[in-house]
Amino acid sequence: MDETEFWELVDGSRAGAAGDPEEQADALVERLLGLDPDRIVDFARHFEARYNRAYTWDLWAAAALMLDGASDDAFDYFRCWLIGQGRHVFEGALHDPDQLAALVGDFDEETDGDAEELGYAADEAYEQLTGIVMPDLELPPAPPEPLGTYLDLDDDPTLAERLPRLWDRFRR
């Protein structure tokens, strides 16, 4: 599976979900069930690689602003949601997390920003298709700490300086 096909599966699952992360996860499982098990594993590798790339201090700060705080788990689910928003939003946010202020339309912190189920879609599809647990993805381990320069998520002046557009949109 190449990167284009990965993003087509993500985009296709989002298209009919009307912004609901749970419906998107269900749609993704259905799409993955149409693939053979090896391609589901490939999808999972693509997902996990992007999930790990998004483990940065600046994206964690963006999540904290958008969600009015972000614990470890909340940031994990935010990264799944970010992948679920598609290639344009994901790559834009990775390049400059402050772009999320413009890349994301309506945002409801109660329902948006949390797509835990998307992170399990490939596992669920693989198990349904084969009856066994997905094998190890044989990827390098996740970074032990977020990438980039440490950022105190409770330091409002630094957050406002580092992510001014997100600060203006979500904190004012």
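Quick note: numbers below take in every heavy atom, side chains included, and nothing from hydrogens, waters or symmetry partners.
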Quiz item: So, do Thr158 and Asp152 sit near enough that their side-chain heavy atoms are less than 4.5 Å apart?
Solution: no
Quiz prompt | Cluster link Trp57 to Met66, ILVMFWY, side chain under 4.5 Å | solution = yes
Quiz item: Are Glu8 and Arg31 ion-paired here, with the side-chain N under 4.0 Å from a carboxylate O?
Solution: no
Quiz prompt | Gln24 side chain vs Gly84 backbone, donor-acceptor pair below 3.5 Å | solution = yes
Quiz item: Taking only residues two or more places apart in sequence, or in another chain, which ones meet Asp58 in a salt bridge (Lys or Arg N to Asp or Glu O under 4.0 Å)?
Solution: Arg162
Quiz item: Which heavy-atom pair separates Pro37 from Thr130 by the least distance, and what is that distance?
Solution: CG-CG2, 3.6 Å
Quiz item: Of the non-hydrogen atoms in Cys80 and Leu118, which two are nearest, and what is the gap between them?
Solution: O-CD1, 3.7 Å
Quiz item: So do Val133 and Asp123 actually touch side chain to side chain, heavy atoms under 4.5 Å?
Solution: no
Self-check item: salt bridge (Lys or Arg N to Asp or Glu O under 4.0 Å) involving Asp20 - partner list, sequence neighbours excluded
Solution: none
Quiz item: So do Glu124 and Glu117 actually touch side chain to side chain, heavy atoms under 4.5 Å?
Solution: no
Exercise. Could you pull out the closest heavy-atom pair between Pro21 and Trp81, with the gap in Å?
Key: CG-CD1, 4.5 Å
Quiz prompt | Heavy-atom pair of closest approach, residues Trp7 and Gly86 | solution = CZ3-C, 3.4 Å
Self-check item: Matching residue for Asp156 among Asp154, Leu159, Leu153 - test: side chain to side chain contact (heavy atoms under 4.5 Å, CB included)
Solution: Leu159
Quiz prompt | Tyr120 atom OH, neighbour heavy-atom count above 12 within 6.0 Å | solution = no
Quiz item: Do the charged groups of Arg39 and Asp42 touch, with an N to O distance under 4.0 Å?
Solution: no
Quiz item: So Phe75 and Trp60, would you call those rings parallel, tilted or perpendicular, with 30° and 60° as cut-offs?
Solution: parallel
Quiz item: Do the ring planes of Phe6 and Phe43 sit parallel (below 30°), tilted (30 to 60°) or perpendicular (above 60°)?
Solution: tilted
Practice problem: Grab the two heavy atoms, one from Leu94 and one from Ala54, that are nearest each other, plus how far apart they are. | Solution: CD1-CA, 3.8 Å
Quiz prompt | Residue pairs involving residues 90-103 (criterion side chain to side chain donor-acceptor pair (under 3.5 Å); sequence neighbours excluded) | solution = Arg53-Glu91, Asp96-Arg165, Asp98-Arg165
